[in-house]
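Just so it is clear, the model here is predicted, and its values are computed rather than measured. The analysis underlying the following values was restricted to heavy atoms, covering all of them including side chains, and did not include hydrogens, waters or symmetry mates.
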Amino acid sequence: MSETNWLSEPSTASKRIIFARHGEYPCNVRGVCNSNPRTGFYLTEKGEAQAKALGERLKDEKIELIVTSEFLRARQTAWLANKVLNVPQVVNRLANENRVGAEFEGKPGDDFQRFIAHAPAITATPDGEPFTGMLARVQSLIADLKLSSPQTVLVVTHGWTLQAVRVILNEISTDDAARCVDMPSNCEIVEGRF
């Protein structure tokens, strides 16, 4: 590499990214979809306890930055965990939940699963986002984080986002991920080096 083009060279440093699902919130309890970040729900008492426990569990992991989705449940989870971690926290829409569309907003998740059953990874409502679209978004988030300074980042996000990370890590197929096979539970972690 010459001195004149070193700034244009991509980073080769490995980043440790810890993805955590948000704590329990009312739609988890009711089993309904909430994929609109403008419709905010606070965590349940159980979700608050999960978020605090997440911070305690990660306190020795040398996290330098927390990234959250735009959703209130993710931001609240990060805020509670960050009471222990005490690091900068930013919001990034690339970490958002998959958009099921207005047709399924507030409706049972099982209804949405029946809708996508014939082709889980690529089916979407007209105003929704297919799983493959969200997967590309998560890949963009990881690419952005690889260019950042922190070596260890916590991303507080959503179940389907963790499913996308599992696809990227070759732990699950795209269709199984979209079908919520082995969906990570609230405040469960999926991590990798990217």
Point to revise | Heavy-atom side-chain contact between E24 and E45 under 4.5 Å | key: no
Review point. Is a side-chain donor or acceptor of S140 paired with a backbone partner of A136 at a separation under 3.5 angstrom?
Key: yes
Exercise for review: Would you sort out whether N28 and T44 count as a side chain to side chain contact (heavy atoms under 4.5 Å, CB included), showing the intermediate values?
Suggested key: CA-CA 10 Å; N28 290 146; T44 62; over 6 Å; no
Revision key, fill the gap. Nearest heavy-atom contact between L54 and A81 is CD2-CB, 4.4 Å
**Study point:** L169 atom CG, over 12 foreign heavy atoms within 6.0 Å
**Key:** yes
**Study point:** Partners meeting side-chain hydrogen bond (donor to acceptor under 3.5 Å, both in side chains) with T157 (sequence neighbours left out)
**Key:** T161
Review point. Is there a donor-acceptor pair closer than 3.5 Å between any side-chain N or O of T77 and the backbone N or O of G23?
Key: yes
**Study point:** Residues clustered with Y42, ILVMFWY side-chain links under 4.5 angstrom
**Key:** L72
Exercise for review: Go through the steps for I168 and I142 under the test side chain to side chain contact (heavy atoms under 4.5 Å, CB included), then give the verdict.
Suggested key: CA-CA 10 Å; I168 294 165; I142 291 169; 3.8 Å; yes
Exercise for review: Check whether any side-chain heavy atom of L135 lies under 4.5 Å from a side-chain heavy atom of V167, and answer yes or no.
Suggested key: yes
Check your understanding: Does E105 reach the main-chain N or O of S35 with its side chain, forming a donor-acceptor pair under 3.5 Å?
Key -> yes
Check your understanding: Quick one: does R57's side chain get under 4.5 Å of I189's, heavy atoms only?
Key -> yes
Check your understanding: What residue pairs, at least two apart or across chains, pass salt bridge (Lys or Arg N to Asp or Glu O under 4.0 Å) with a residue in residues 84-96?
Key -> none
Exercise for review: Identify, with sequence neighbours excluded, every residue that meets side-chain hydrogen bond (donor to acceptor under 3.5 Å, both in side chains) alongside E56.
Suggested key: K59
Study note, to complete from the structure: Here the salt bridge (Lys or Arg N to Asp or Glu O under 4.0 Å) pairs for residues 184-194, sequence neighbours left out, are R16-E191
Practice item. Write down the atom of P88, the atom of E64, and the distance for their closest heavy-atom approach. Key: CD-O, 3.4 Å
Point to revise | Pairs meeting criterion ring pair (Phe, Tyr, Trp, His ring centres under 6.0 Å) with involvement of residues 93-114, two or more places apart | key: F104-F112, F104-F115, F112-W160
Exercise for review: Determine whether the aromatic ring centres of F71 and H22 lie less than 6.0 Å apart.
Suggested key: no
Check your understanding: Going by the side-chain hydrogen bond (donor to acceptor under 3.5 Å, both in side chains) test, which pairs reach into residues 95-104, not counting sequence neighbours?
Key -> E70-N96
Review point. Are any of the side-chain heavy atoms of Q76 and L80 separated by less than 4.5 Å?
Key: yes
Point to revise | Residues in side-chain hydrogen bond (donor to acceptor under 3.5 Å, both in side chains) contact with N36, at least two apart in sequence or another chain | key: none
**Study point:** Stepwise side chain to side chain contact (heavy atoms under 4.5 Å, CB included) check, I63 with V153
**Key:** CA-CA 6 Å; I63 293 166; V153 178; over 6 Å; no
**Study point:** By side-chain hydrogen bond (donor to acceptor under 3.5 Å, both in side chains) - contacts of Q163 (at least two apart)
**Key:** R166
Practice item. Only pairs at least two apart or in different chains count here, so list each ring pair (Phe, Tyr, Trp, His ring centres under 6.0 Å) that has a residue in residues 79-98. Key: none
Review point. Is the cationic atom of R73 (NZ for Lys, CZ for Arg) positioned less than 6.0 Å from the six-membered ring centroid of F41 and within 45 degrees of its normal?
Key: no
Practice item. Decide yes or no on side chain to side chain contact (heavy atoms under 4.5 Å, CB included) for L145 and K15, but give the supporting numbers first. Key: CA-CA 8 Å; L145 292 175; K15 299 288 181 177; 5.8 Å; no
Check your understanding: Just checking, is any N or O donor in the side chain of E61 or T152 under 3.5 Å from an acceptor N or O on the other one?
Key -> no
Review point. Can you name the nearest heavy-atom pair linking A102 to D127, along with the distance?
Key: N-OD2, 3.0 Å
Review point. For residues 110-122, which residue pairs qualify under salt bridge (Lys or Arg N to Asp or Glu O under 4.0 Å), counting only residues two or more places apart or in two chains?
Key: D111-R114
Exercise for review: Please name the pair of heavy atoms, one in A51 and one in L43, separated by the smallest distance, quoted to 0.1 Å.
Suggested key: CB-CD1, 4.2 Å
Exercise for review: Quick one: closest heavy-atom pair of P184 and G159, and the distance?
Suggested key: CD-O, 4.3 Å
Check your understanding: Closest heavy-atom contact between V67 and L65?
Key -> CG2-CD2, 4.0 Å
Output a table of donor-acceptor pairs, distance under 3.5 Å, between side-chain atoms of residues 172-181 and any protein atom two or more places apart or on a different chain; print 'none' if there are none.
| residue | atom | partner | partner atom | Å |
| --- | --- | --- | --- | --- |
| S173 | OG | D176 | N | 3.1 |
| D175 | OD1 | A121 | N | 3.3 |
| D176 | OD1 | R179 | NH2 | 2.5 |

